[in-house]
Amino acid sequence: MGYPVIFQIERIYYPLLAAIGVPVNLLAIVILSRGKCCLSTCTTRYLVAMATADLLVIITEVVLFRISYYYFPGSLLNITPVCRVIGVLLGSVTDCSVWFTVTFSFDRFVAICCQKLKTKYCTEKTAAVVLATSCILLCLKNIPFYFIYEPREIINNVSWFCIDKPSYYTEPGWVVFDWFDTVLIPLLPFAFILLLNALTVRHILVTSRVRKGLRGQSKGENRSDPEMESRRKSVILLFTISGNFILLWLVHIIEFLYYTITGTDPGDYNDSEYIFEQVGLMLQFLSCCTNTFIYVVTQSKFREQFKSAMKYPVTSIIQLINQQNN
């Protein structure tokens with residue numbers, strides 16, 4: 001499979017991804033915002049923020065960039081000032097999508113492992129401050145991307161397309177910025193999520209042994225434990241979301257480490273290296289569509305709301321028909 005084949009796959013894959021990703025994320029935002037899923041207001045804020053960031057990634061990266069590239073070449077989106085703005089937006093929404101997952105993982109870590117800190121940190125107000133601060137800082141961090149591009153060609157005094165300036169790879173300031181951006185996405189979030197999950201698992205194993213001993217379960221008694229049941233639900237939600245992120249970003253991480261360690265320019269990739277890179281990107285963008293399905297599988301109240309939302313158009317049409325017949 002060479003370049004032509006992967007191009008054909010992407011021409012089908014990205015429109016399909018947009019057709020699924022936009023409605024499912026919109027649906028998740030609406031359902032979660034109604035607050036009828038028996039989740040804490042703190043958790044709801046993080047999940048709504050994650051769904052919003054994922055929706056923006058699908059719109060900017062998949063629709064405005066990928067689909068535009070394949071189906072609308074030479075559109076106004078390819079004018080240099082416009083594609084510079086799109087480049088800044090791409091970086092900002094991708095960073096927010098990733099770091100919102102990290103902040104959610106940290107919030108659940110505190111809720112499960114730090115009971116003294118939980119009452120102060122795991123609140124709706126704290127979640128709003130954390131999310132707003134993260135969003136502002138990440139957007140500010142991506143502003144320099146506007147200045148790394150230059151026109152690829154000029155037609156009738158109009159600048160078209162965006163390519164990296166040669167100085168981006170040689171000037172010390174840009175080199176430092178590139179390394180900072182690389183550490184911030186994806187290395188640091190990946191390491192944080194793995195660490196938080198490992199600490200959470202360790203805490204759960206220790207706590208469950210202690211509680212079983214205190215409740216006499218080690219002697220064969222079988223008693224329900226409401227607190228452990230509540231933690232179990234939080235852990236399932238945390239591990240499925242963070243595990244999904246790790247799995248779908250793993251290929252991209254491996255590809256990133258490959259060209260960093262070997263010093264290979266991605267522009268010089270052979271067929272197999274290029275395909276591996278593109279598969280990593282396809283899986284990375286897929287991670288922006290999967291959280292809604294995770295909620296459906298793991299959260300019974302969300303599942304009920306989801307079913308009601310899916311049935312609503314059909315029931316509305318039936319009611320309208322009945323009214324007209326009557």
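If you read the sequence from its start, that first residue is 1, and numbering goes on from there. The shown structure was predicted, so the numbers you read here are calculated from the model rather than taken from an experiment.
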Tell me whether [X] contacts the main-chain N or O of [Y] through its side chain, where contact means a donor paired with an acceptor under 3.5 Å.
X	Y	answer
Asn244	Asn291	no
Thr80	Phe161	yes
Lys120	Thr126	no
Ser97	Val93	no
Ser287	Gln284	yes
Thr315	Tyr312	yes

In terms of side-chain geometry, is the basic nitrogen of Glu124 or Arg45 positioned less than 4.0 Å from the acidic oxygen of its partner? yes
Got a sec, which residues hit salt bridge (charged side-chain N to carboxylate O under 4.0 Å, His left out) with Asp181, two or more places apart in sequence or on another chain?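 Lys141.
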Heavy-atom side-chain contact between [X] and [Y] under 4.5 Å:
X	Y	answer
Leu55	Val22	yes
Thr290	Asp54	no
Leu281	Arg66	yes
Tyr14	Met282	yes
Pro144	Trp174	yes

What's the shortest heavy-atom distance between [X] and [Y], and which atoms?
X	Y	value
Leu17	Leu286	CD1-CD1, 3.9 Å
Thr119	Lys116	OG1-O, 3.6 Å
Cys122	Val110	SG-CG1, 3.9 Å
Pro73	Asn78	C-OD1, 3.9 Å
Phe302	Thr292	CE2-O, 3.8 Å
Ser75	Trp160	O-CZ3, 3.3 Å

Quick check on [X]: does its [atom1] atom have over 12 non-hydrogen neighbours (other residues, nucleotides or ligands) under 6.0 Å away?
X	atom1	result
Arg34	CZ	no
Ile155	CD1	yes
Lys301	NZ	no

Is [Y] reachable from [X] through a run of hydrophobic residues whose side-chain heavy atoms are each under 4.5 Å from the next?
X	Y	result
Ile86	Val63	no
Val82	Ile59	no
Phe147	Leu89	yes
Phe180	Val102	yes
Tyr149	Tyr168	yes

Interatomic distance, [X] atom [atom1] to [Y] atom [atom2] [nearest 0.5 angstrom]:
X	Y	atom1	atom2	answer
Ile29	Met50	CD1	CE	12.0 Å
Cys113	Leu199	SG	CG	7.0 Å
Leu188	Leu195	CG	CG	10.5 Å
Gln299	Leu237	CD	CG	5.0 Å
Phe177	Ile148	CZ	CD1	7.0 Å
Glu61	Thr94	CD	OG1	5.5 Å

Before you tell me yes or no, could you show the steps for Leu238 and Ser105 under side-chain contact (heavy atoms from CB on, under 4.5 Å), namely the whole-Å CA-CA distance, both residues' side-chain angles and the distance that decides it to 0.1 Å? CA-CA 6 Å; Leu238 169 63; Ser105 299; 3.9 Å; yes
Taking transitive links into account, so neighbours of neighbours count too, which hydrophobic residues share a cluster with [X] at under 4.5 Å side-chain distance?
X	value
Ile318	Val314
Leu16	Ile20, Val24, Phe293
Ile236	none

List the steps, then state whether side-chain contact (heavy atoms from CB on, under 4.5 Å) holds for Ile241 with Leu47. CA-CA 10 Å; Ile241 291 177; Leu47 297 185; 3.9 Å; yes
Between Tyr121 and Phe106, is the ring centroid distance below 6.0 Å? yes
Sequence neighbours excluded, every pair satisfying ring-ring contact (aromatic ring centres under 6.0 Å, His included) that has a member inside residues 42-72: none
side-chain contact (heavy atoms from CB on, under 4.5 Å) involving Val98 - partner list, sequence neighbours excluded: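 By the side-chain contact (heavy atoms from CB on, under 4.5 Å) rule, Val98 matches Ile185, Pro189, Phe245, Trp249.
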Take Phe190 and Leu194 through the side-chain contact (heavy atoms from CB on, under 4.5 Å) test and state the conclusion after the steps. CA-CA 6 Å; Phe190 204 76; Leu194 287 174; 3.8 Å; yes
Worked check of side-chain contact (heavy atoms from CB on, under 4.5 Å) between Leu32 and Leu39: CA-CA 9 Å; Leu32 291 167; Leu39 297 169; 4.1 Å; yes
Measure SG to SG for Cys83 and Cys162 and state whether it is below 2.5 Å.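 Answer is yes, sulfur atoms closer than 2.5 Å.
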